[in-house]
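Scroll down for the structure; my scribbles are underneath it.
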Amino acid sequence: PMTPSRFSVRLKELRLARGLTQIQLAERSGLSQTAVSQWEADIREPSWSAVQALAAALGVGCQEFADPPAVAPPAPEPAAPGPQSDPAPS
């Protein structure tokens, strides 16, 4: 399934690859710039109709949003290292 973080990263990636601003993408897709911004920031998840409108505006299939991003999203903070995490220096 498509995780919101993957969607947000791919949305921004696809938009920037086409040289569009959030406002231009919003205008092309008939959606609000606020919504585009919130989806890219991973604050909200888009409805399926919004995903379809974004795909049409970007000239891609909806599956493109589920593809792995060209640049991986930031990894979650690692857990604090435990006593066995660092090998003893030799």
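Throughout, residue positions are numbered sequentially from 1 according to the sequence presented.
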Which side-chain N or O atoms in residues 18-25 pair as donor and acceptor under 3.5 Å with protein atoms at least two apart or in another chain?
residue, atom, partner, partner atom, Å
R18, NE, L58, O, 2.6
R18, NH1, L14, O, 3.0
T21, OG1, I23, N, 3.4
T21, OG1, Q24, N, 2.9
T21, OG1, Q24, OE1, 3.4
Q22, OE1, Q33, NE2, 2.7
Q22, NE2, E40, OE1, 2.9
Q24, OE1, T21, N, 2.8

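- Looking at residues two or more places apart in sequence or on another chain, you find no salt bridge (charged side-chain N to carboxylate O under 4.0 Å, His left out) involving E27.
- Between the CD atom of Q52 and the CZ atom of F65 there is a distance of 10.5 Å, given to the nearest 0.5 Å.
- In this model, a donor atom of one side chain and an acceptor atom of the other lie less than 3.5 Å apart for S47 and S49.
- Residue R15 holds its CZ atom at 12.0 Å from CZ of R28, rounded to the nearest 0.5 Å.
- Here the closest non-hydrogen pair linking W39 and L11 is CB-CD2, 3.8 Å.
- A donor-acceptor contact shorter than 3.5 Å is absent between the side chain of E13 and the backbone of P69.
- Between the side chain of R10 and the backbone N or O of A66 there is no donor-acceptor pair closer than 3.5 Å.
- Atom CD of Q38 and atom OG of S8 lie 12.5 Å apart (nearest 0.5 Å).
- Closest of all the heavy-atom pairs between S32 and A26 is C-CB, 3.6 Å.
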